[in-house]
Structures are given as C-alpha cells and as structure tokens.
Amino acid sequence: MSEIEFRLLGPLDVRLSGVGVPINGARPQTILAMLLLEAGQVVPLSRLIDAIWEDNPPATARTQVQICVSELRRTFDRHGSPQLIVTRPPGYLIQVPPATVDVARFRQLVQQGRRVANSDPRAAVGHLRDALSLWRGEALAGLDSRLVQAAVLRLREERLAALEECLALELELGRHHELVGELRALVAEYPLREKLYAHLMLALYRGGRHAEALAVYRTAYRILVEEHGIDPGEELQALERAILDQDPSLELPDPAPAAARAEPAPPAPVVPSQLPAPVPDFVGRADLVEAIGQRLRISDPNRVEVLVVCGPGGSGKTALTLHVAHQVRAQFPGGQLYAHLRGGDARPVRPEQVLDQFLRALGVPPSALPSETEALAAMYRDRTAGRRLLVVLDDAKSADQVLPLIPGDPGCAVLVTSRTPLTGLSGARRFEVSTLDPDTSVQLLAEVIGPERVAREPEAAAELAVCCGHLPLALRIAAAKLAVRPHWYLSQMVRRLRGERQRLDELTLDGA
C-alpha cells in the first residue's frame with residue numbers, strides 16, 4: 001500500500017506518496033471528511049445522509065451515498081490503496097492508521113505535551129508547537145455541512161486550548177518578549193478569549209511595559225462589558241489588581257541552581273487504547289462471555305494466552321470479542337491494541353502493516369521503524385516486554401497472519417476472531433460462536449427497535465428472526481432498517497425477507 005496522508009486541519013487534502021489525490025465534488029468530500037473524523041469507527045449511513053442533506057434528503061439519498069462511496073473506493077484503488085473504506089452495519093468505516101490522519105497526530109502530540117508539562121516544560125512546548133504547526137488554516141474549509149462544521153467547532157476549541165497551554169508554558173520559560181506580537185494578533189482574532197488577554201498582559205508586564213499591560217485590560221473590559229454585557233472573569237480582574245500593585249508573584253521565579261535542579265523524570269511509557277467501541281445492543285452469549293473473560297483474567301506466568309473466537313460470517317464474533325475485551329481491559333494496564341485483518345477480503349492485511357501500526361501506537365517514531373517483517377516483529381516483542389497488554393485481532397484469515405503479532409511476554413493476551421479455527425496456532429484455546437437461540441434473537445430485535453414494537457407483533461418478530469437465520473449481523477441490519485422506519489410493521493419486513501433473492505437484497509447494507 002502506498003504511503004497515504006489525510007489532512008483535515010485546513011482544506012481537505014489527500015496525499016498518496018506525497019502526490020495530491022483530487023476528491024472532486026462536495027458530497028464525496030463530505031462523506032470522506034465524516035469517515036475520517038471518526039476513523040476506525042462505523043459511521044451510520046443515516047448520519048452520512050444527514051451530513052449531506054440535513055433535514056431534507058431526497059428519496060434517492062441512500063443510493064447517492066452508495067455511489068459516492070464507490071467513487072471514493074475507485075479513487076483510492078487507482079492510487080494503490082484499495083479497501084480503505086469497508087461496509088460495516090449500519091454504515092461504513094475507513095481503515096487507516098491513526099498516524100496518517102493529521103487530526104490524530106495533532107491530538108497525540110498534544111497529549112505528549114501535556115504528559116511532560118510538569119517535568120519538562122521545554123519538551124512540552126516542543127510537542128505543542130509541533131501539534132499546532134499541523135494546522136493550515138480553518139479545519140475542513142469549504143465544507144458547509146452542518147455536521148462537519150459541528151466537528152470543526154470542536155477541533156477549533158481543541159486548537160485554542162492547546163495554544164493557550166503552550167503560551168502559558170512559554171511564559172513560564174521566560175519567553176515573554178518573543179510572545180507579545182503573537183499574542184496581540186491572537187486577541188484581535190479571538191476578542192472573547194480572556195485567557196489570551198491574561199497572557200498578553202503578563203507578557204507585557206514582565207517586559208517592563210506596565211502601562212501597556214493595563215491598556216490591554218481596558219480594551220478587554222470595553223469589549224466584554226460594553227459590547228457583550230459580560231464582566232471580565234475573576235482571573236483577569238485579579239491580574240489587573242496584581243499589576244497595579246506590582247505584585248512580586250507576577251515576576252518569573254528564580255531558576256534553581258543547576259546542582260539542586262532535579263533530574264527530569266523519564267517519559268511515561270505510551271499506553272495505547274485502541275479498542276473500538278463495544279456494540280451497544282449486545283445480548284446473550286453469557287456462557288461464552290464468562291468463559292473467555294475468565295481465561296483472560298487468569299494470569300499464567302508461563303504462556304501468552306491466545307484465544308480464538310471462531311464461527312461463520314455474521315455470527316457475532318466481533319461483537320462478542322469487543323464486549324469481553326472492554327469488560328477485562330482494566331486487567332491489562334499496559335494497553336490494548338486492535339487491528340482488523342480483513343481475512344474475508346480479497347487482500348488481507350499483511351502482518352508487517354499491522355506491526356508498523358502497533359509499534360507507532362507504542363511510541364516508536366516512524367523514522368525508527370525497520371522495513372523487514374522479522375525486524376519489525378523483534379522490535380514489537382521488545383516493546384511489549386514487561387507489559388500486561390491485550391491484543392485484539394479481528395477477522396484473521398490464517399495462522400501465518402497472526403503468529404508475528406503475538407507478543408513474547410507471558411503477561412500479554414491475544415484475542416483473535418476468524419471464520420476458521422486457525423489450527424496452526426499451537427496451544428490456542430478455541431471458542432465456537434454459532435447462531436443465537438430464538439429468544440435471544442427476539443431480544444436483540446427489541447434492543448434495537450424497542451420492546452414495544454416487538455411486543456405488538458411477537459409472531460412476526462419470531463418469524464423475522466428465522467428469516468435472518470438467527471445471525472446477529474442479519475438481525476442488526478433488519479432491525480436498523482426498522483429503526484429508521486418507525487411506521488413500518490415487523491410483518492412488512494418479514495414479507496420482504498421471505499423470498500431468497502429479496503432476502504439477499506434486504507440484508508445487504510450496501511449495494512455499491
């Protein structure tokens with residue numbers, strides 16, 4: 001797969017191996033933006049329709065979204081990155097490493113800065129400035145979708161919060177002279193951000209410009225009170241009083257002598273937390289949940305626990321696995337890694353791709369990653385040593401795909417889902433998942449569409465479960481269609497599923 005980069009912190013920009021990939025049309029751009037804003041999570045089809053048409057979708061909205069998704073898939077396929085967008089009920093999911101999306105890189109750098117802010121403020125400023133440098137203007141500029149713009153507002157707040165934290169650290173490092181110009185521009189751009197006024201006042205005061213610092217307060221007061229009817233906050237008022245009194249607390253503290261200065265604490269290890277959200281309407285499987293959870297809670301000092309959850313497509317292996325993984329995640333303080341191996345696709349994910357993804361998540365910089373699979377696997381085993389780590393590998397095709405991804409430390413555990421038992425994984429414990437029983441199937445329908453609708457048509461609910469083969473995936477697709485059509489009777493859906501051809505059409509989320 002070519003090196004891919006998605007840039008959202010500015011106009012939407014897609015690059016493959018450094019070459020721009022045009023995404024033509026507002027609708028494909030909006031769909032791609034929505035998927036990237038929730039990369040690794042399923043975005044419901046209904047949400048994509050809302051993003052494009054808001055409250056007035058046409059009758060062909062579903063088909064038009066499918067066409068746009070197909071166009072995006074063909075675009076990525078032509079540029080050597082196929083199967084980035086996959087269908088997952090009740091919508092679509094884009095499968096890209098977090099490091100390829102600038103929003104994810106921004107958030108990771110901000111977290112790194114906050115983590116070391118107390119122990120190493122200079123390093124923290126470096127991380128925060130690197131994060132802020134990823135912005136190329138207004139996020140997703142030019143996309144006027146209401147849902148996209150709601151996400152843009154959140155991103156703008158994240159940027160301003162990181163910027164204010166960075167400026168505060170730089171002030172404590174004595175960089176007040178360098179910051180005055182930047183802060184003047186910022187208060188002009190964001191005249192209601194009191195924190196920026198406070199930073200500018202302090203920078204001017206520490207630079208010996210006391211009158212100018214007080215003038216900034218008067219400007220803030222005029223804008224806040226006279227134009228918006230809001231009194232300045234207590235922090236800003238207290239800072240004005242301290243400047244008037246020339247309070248010594250406003251001066252920079254004397255640096256500690258070098259001999260007395262404490263050694264900075266070593267950076268905390270990166271703790272990944274990659275588990276996708278659990279299925280909210282999970283029901284049944286109590287015996288399997290207990291058995292798998294029990295195996296994961298028992299710490300065998302002599303082995304890496306490898307558990308394979310196997311069963312036919314649509315039987316709910318992933319939902320079961322994620323349900324258990326979230327239940328036991330506290331048992332794995334070293335973190336949780338997740339990868340979808342796409343074993344059912346024409347091109348399953350190669351082990352070296354996953355190792356690259358995992359090592360980045362464990363804090364290895366991209367420049368330090370080797371290119372050979374064996375070297376990647378050796379580095380992976382080294383980075384997971386001494387950790388109690390949970391690795392979830394979804395939809396594995398073969399044992400060869402899984403073996404390089406098993407850590408070497410006995411404190412770790414691996415949960416694998418597959419349509420086959422993966423007999424090549426020596427010593428693995430296997431749990432078979434089959435269809436749901438009739439009562440649990442009806443319970444699943446009730447979880448999605450509401451118990452009242454099921455209670456009104458109990459016979460139709462039971463027949464609908466039979467039409468879906470008691471498979472959780474088919475049940476969720478049927479239930480999702482009923483959930484967005486509250487005026488439909490369950491018996492209507494049953495009639496649509498009785499014919500084999502109609503059943504295949506109805507239980508396929510995406511025909512694109």
message: Is a donor from one side chain sitting under 3.5 angstrom from an acceptor on the other, for T417 and D395?
response: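 No - no donor-acceptor pair under 3.5 Å links their side chains.
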Does [X] come within less than 4.0 Å of [Y], counting only side-chain N to carboxylate O?
X    : Y    : result
K317 : E432 : no
D356 : R350 : no
R73  : D77  : no
R285 : D287 : no

Test applied, salt bridge (Lys or Arg N to Asp or Glu O under 4.0 Å); reference residue, E305; option that passes from R295, R297, R388: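 Running salt bridge (Lys or Arg N to Asp or Glu O under 4.0 Å) over R295, R297, R388 with E305 returns exactly one hit, R295.
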Would you confirm whether [X], through its side chain, and [Y], through its main-chain N or O, come within 3.5 Å as a donor-acceptor pair?
X    : Y    : value
E5   : R15  : no
Q336 : F332 : yes
D102 : L9   : yes
Q29  : L143 : no
Q401 : K397 : yes
T440 : G284 : no
R387 : G334 : yes
R430 : V308 : no
Q108 : A131 : no
D409 : C412 : no

Ring pair (Phe, Tyr, Trp, His ring centres under 6.0 Å) partners of H340, counting only residues at least two apart: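 Not a single residue meets the ring pair (Phe, Tyr, Trp, His ring centres under 6.0 Å) criterion with H340.
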Could you pull out all donor-acceptor pairs under 3.5 Å where a side-chain atom in residues 443-467 meets a protein atom, sequence neighbours excluded?
{"unit_1": "R453", "atom_1": "NH1", "unit_2": "L482", "atom_2": "O", "d": "2.8"}
{"unit_1": "R453", "atom_1": "NH2", "unit_2": "R485", "atom_2": "O", "d": "3.3"}
{"unit_1": "R453", "atom_1": "NH2", "unit_2": "W488", "atom_2": "O", "d": "2.9"}
{"unit_1": "E457", "atom_1": "OE1", "unit_2": "S491", "atom_2": "N", "d": "3.2"}
{"unit_1": "E457", "atom_1": "OE1", "unit_2": "S491", "atom_2": "OG", "d": "3.3"}
{"unit_1": "E457", "atom_1": "OE2", "unit_2": "L490", "atom_2": "N", "d": "2.7"}
{"unit_1": "E463", "atom_1": "OE1", "unit_2": "R498", "atom_2": "NH2", "d": "3.4"}
{"unit_1": "E463", "atom_1": "OE2", "unit_2": "R498", "atom_2": "NE", "d": "3.1"}
{"unit_1": "E463", "atom_1": "OE2", "unit_2": "R498", "atom_2": "NH2", "d": "3.1"}

field: V270 versus A361, closest heavy-atom pair with distance
entry: CG1-O, 3.2 Å
- request: Indicate the atoms forming the closest heavy-atom contact of P98 with A104, along with that distance.
  value: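 Smallest heavy-atom distance, with atoms named: O-CB, 3.2 Å.
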Non-hydrogen side-chain atoms of [X] and [Y] separated by less than 4.5 Å:
X    : Y    : value
L475 : L436 : yes
Y92  : V42  : no
R114 : E165 : yes
L337 : L390 : no

- prompt: What distance do L376 atom CG and R381 atom CZ have between them, rounded to the nearest 0.5 Å?
  reply: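 These two atoms lie 10.5 Å from each other.
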query: Where does the angle between the aromatic ring planes of F282 and H323 fall among parallel (under 30°), tilted (30 to 60°) and perpendicular (over 60°)?
result: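 Answer is parallel, since the angle falls under 30°.
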- prompt: What residues, two or more places apart in sequence or in another chain, satisfy side-chain hydrogen bond (donor to acceptor under 3.5 Å, both in side chains) together with S398?
  reply: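 Checked S398 against side-chain hydrogen bond (donor to acceptor under 3.5 Å, both in side chains); zero matches.
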